[in-house]
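On a predicted model such as this, the values are computed, not experimentally measured, just so you know.
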Amino acid sequence: MNRWLTFIVLFWLLAGCAEAPQPPLRVGVNPWVGYDPLVLAGERRLFDPTRVRVVELSSNTESQRALRNGLLDGAALTLDEVLRLADAGLELKIIAVLDVSHGADAVLAREGIRAPADLEGQTIALEQTALGTLVLDRLLRAGNLSRDDVHLIHVEAAQHGSVLASGRADAVITFEPMKSWLAARNFQVIFDSRAMPGEIVDVLVARADVLEPRLPDWVELLVGWERARRALLADESAADSLAPGVELTPEEYR
């Protein structure tokens, strides 16, 4: 056999034995100010993009669906959403607490509605996830109302601003950055998560089957998260880069 042909055959055989490179971890986030350090880390390459990829989705509902269908390796979700996924049989591991909401989840309403009790007979828009249901329950308690006293419509997070601004709903259960977007347009906050301290906790979860085999990549993600979190607190340009994506000015975003 020609020695060059021999060399080519050997190279092909050796190449075939090499491990294929792993794709980056796919970690889902939806619009929520508490998840933005992950978005910033991806934009600024504060973790290795060949090892970690942040996937921006439109809502918690979409994040959960992608996680269930195996399209994500992990996601940022509220703790109650994680518990419901676990109850449904999805094996997840919580690897970090990202934030605790203290006023950033809120109910905003049109003019004339000043308190939860004023919602009787009105239409409330919400994303009917575990989080939306939890805030709704606390809102109705605060107003001494039942579900029969209000009309509910399901609206995913990306449409929270438009559903109230267009008049399709009288109030919306939402969260930052949509809260600030609506407040800047003179809608009133009538209830927020300060009235339910410690109940809305956001966590980072990994699918159990990809945690141990990819542990160094998850560490890489968490290191990037911490770098970005510090940048958001210390570097005004971080808000400058994130604010346009949620239709806020940098000052409103900060």
Side-chain angles (χ1 to χ4, degrees), residues 22-39 41-42 47 51-102 104-106 126-141 147 152 154-158 160 173-176 178 193 195-226 228-229:
Q22 289 184 309
L25 290 175
R26 299 157 300 172
V27 179
V29 300
N30 62 273
W32 161 242
V33 68
Y35 301 157
D36 275 355
L38 291 172
V39 176
F47 43 62
R51 297 171 64 183
V52 178
R53 177 187 167 207
V54 173
V55 181
E56 296 183 62
L57 301 169
S58 65
S59 66
N60 289 38
T61 301
E62 195 174 345
S63 292
Q64 292 176 74
R65 186 184 304 121
L67 200 57
R68 283 195 301 267
N69 293 338
L71 301 176
L72 294 174
D73 301 303
L77 296 169
T78 61
L79 179 59
D80 46 308
E81 288 165 345
V82 174
L83 293 175
R84 290 197 180 192
L85 288 171
D87 283 343
L90 189 60
E91 293 190 34
L92 299 171
K93 298 291 185 181
I94 295 172
I95 60 174
V97 174
L98 300 180
D99 61 73
V100 179
S101 179
H102 185 69
D105 289 84
L126 73 158
E127 189 174 10
Q128 293 185 5
T129 59
L131 171 62
T133 303
L134 175 64
V135 178
L136 174 65
D137 176 74
R138 301 299 185 264
L139 171 70
L140 295 177
R141 286 190 194 181
R147 287 198 176 207
L152 302 176
H154 171 75
V155 179
E156 293 198 354
H160 281 184
I173 296 174
T174 191
F175 39 82
E176 293 288 12
M178 285 73 74
S193 53
M196 41 192 297
E199 291 195 61
I200 302 177
V201 180
D202 287 282
V203 296
L204 182 66
V205 297
R207 294 179 66 94
D209 58 340
V210 295
L211 179 58
E212 291 295 336
R214 304 288 301 271
L215 196 57
D217 296 332
W218 291 107
V219 172
E220 175 79 1
L221 171 62
L222 291 174
V223 169
W225 155 271
E226 181 60 17
R229 187 189 68 81

By the salt bridge (Lys or Arg N to Asp or Glu O under 4.0 Å) test, which pairs, at least two apart or in different chains, include something from residues 214-223? Arg51-Asp217, Arg51-Glu220, Arg214-Asp217

Using the side-chain contact (heavy atoms from CB on, under 4.5 Å) rule, take Leu126 and Val135 through it: C-alpha gap first, then chi angles, then the decisive distance, then the call. CA-CA 9 Å; Leu126 73 158; Val135 178; over 6 Å; no

Applying side-chain hydrogen bond (donor to acceptor under 3.5 Å, both in side chains) to Arg229 and not counting sequence neighbours gives Glu226

Determine the minimum heavy-atom distance between Glu56 and Val39, stating which atoms define it. OE2-CG1, 3.8 Å

What are the two closest heavy atoms between Trp32 and Ala104, and how far apart are they? CH2-CB, 3.4 Å

Could I get the full list of side-chain contact (heavy atoms from CB on, under 4.5 Å) partners for Glu199, not counting sequence neighbours? Leu134, Arg138, Met196

Holding to salt bridge (Lys or Arg N to Asp or Glu O under 4.0 Å), I want the full list of residues that pass it with Arg84, two or more places apart in sequence or in another chain. none

The salt bridge (Lys or Arg N to Asp or Glu O under 4.0 Å) partners of Asp105 (sequence neighbours excluded) come to none

Within the side chain of Glu156, is there an N or O that forms a donor-acceptor pair under 3.5 Å with the backbone of Thr61? no

Donor-acceptor pairs under 3.5 angstrom involving side-chain atoms of residues 63-72: please list them, not counting sequence neighbours.
{"unit_1": "Ser63", "atom_1": "OG", "unit_2": "Ser59", "atom_2": "O", "d": "3.4"}
{"unit_1": "Gln64", "atom_1": "NE2", "unit_2": "Asn60", "atom_2": "O", "d": "3.4"}
{"unit_1": "Asn69", "atom_1": "ND2", "unit_2": "Arg65", "atom_2": "O", "d": "3.3"}

Is the number of heavy atoms from other residues, nucleotides or ligands within 6.0 Å of CZ (Arg26) greater than 12? yes

Out of curiosity, Asn30 CG to Thr78 OG1, how far, rounded to the nearest 0.5 Å? 9.0 Å

Where His160 and Met178 come nearest, the two heavy atoms and their spacing: CB-CG, 4.3 Å

For residues Ser193 and Ile200, report the shortest heavy-atom separation together with the two atoms involved. CB-CD1, 4.0 Å

Those residues that, when tested against Asp80, pass salt bridge (Lys or Arg N to Asp or Glu O under 4.0 Å) (two or more places apart): none

What's the spacing between Leu77 CG and Leu131 CG if we round to 0.5 Å? 10.5 Å

Among residues at least two apart in sequence or on other chains, which ones pass side-chain contact (heavy atoms from CB on, under 4.5 Å) with Ala41? Leu46, Phe47, Ala228

Contacts of Trp218 that satisfy side-chain hydrogen bond (donor to acceptor under 3.5 Å, both in side chains) - sequence neighbours left out: none

All side-chain contact (heavy atoms from CB on, under 4.5 Å) counterparts of Ala158, not counting sequence neighbours: Ser58

Inspect the contact between Asp73 and Arg207 and indicate whether a charged nitrogen and a carboxylate oxygen are less than 4.0 angstrom apart. no

How would you list, by chain and number, every residue that makes a side-chain contact (heavy atoms from CB on, under 4.5 Å) with His102, sequence neighbours excluded? Arg194

For a quick test of reading the model, state the closest non-hydrogen atom pair linking Leu211 to Ala206 and the distance between them. CD1-CB, 4.2 Å

Let me see the working for Leu98 and Trp225 under side-chain contact (heavy atoms from CB on, under 4.5 Å), right down to the final yes or no. CA-CA 9 Å; Leu98 300 180; Trp225 155 271; 3.8 Å; yes

In the structure I gave you, are the side-chain heavy atoms of Leu204 and Val27 within less than 4.5 Å of one another anywhere? yes

Which residues share a salt bridge (Lys or Arg N to Asp or Glu O under 4.0 Å) with Glu91, sequence neighbours left out: none

Which heavy atom in Phe175 sits nearest to a heavy atom in Pro31, and how many Å separate them? CE1-O, 2.9 Å

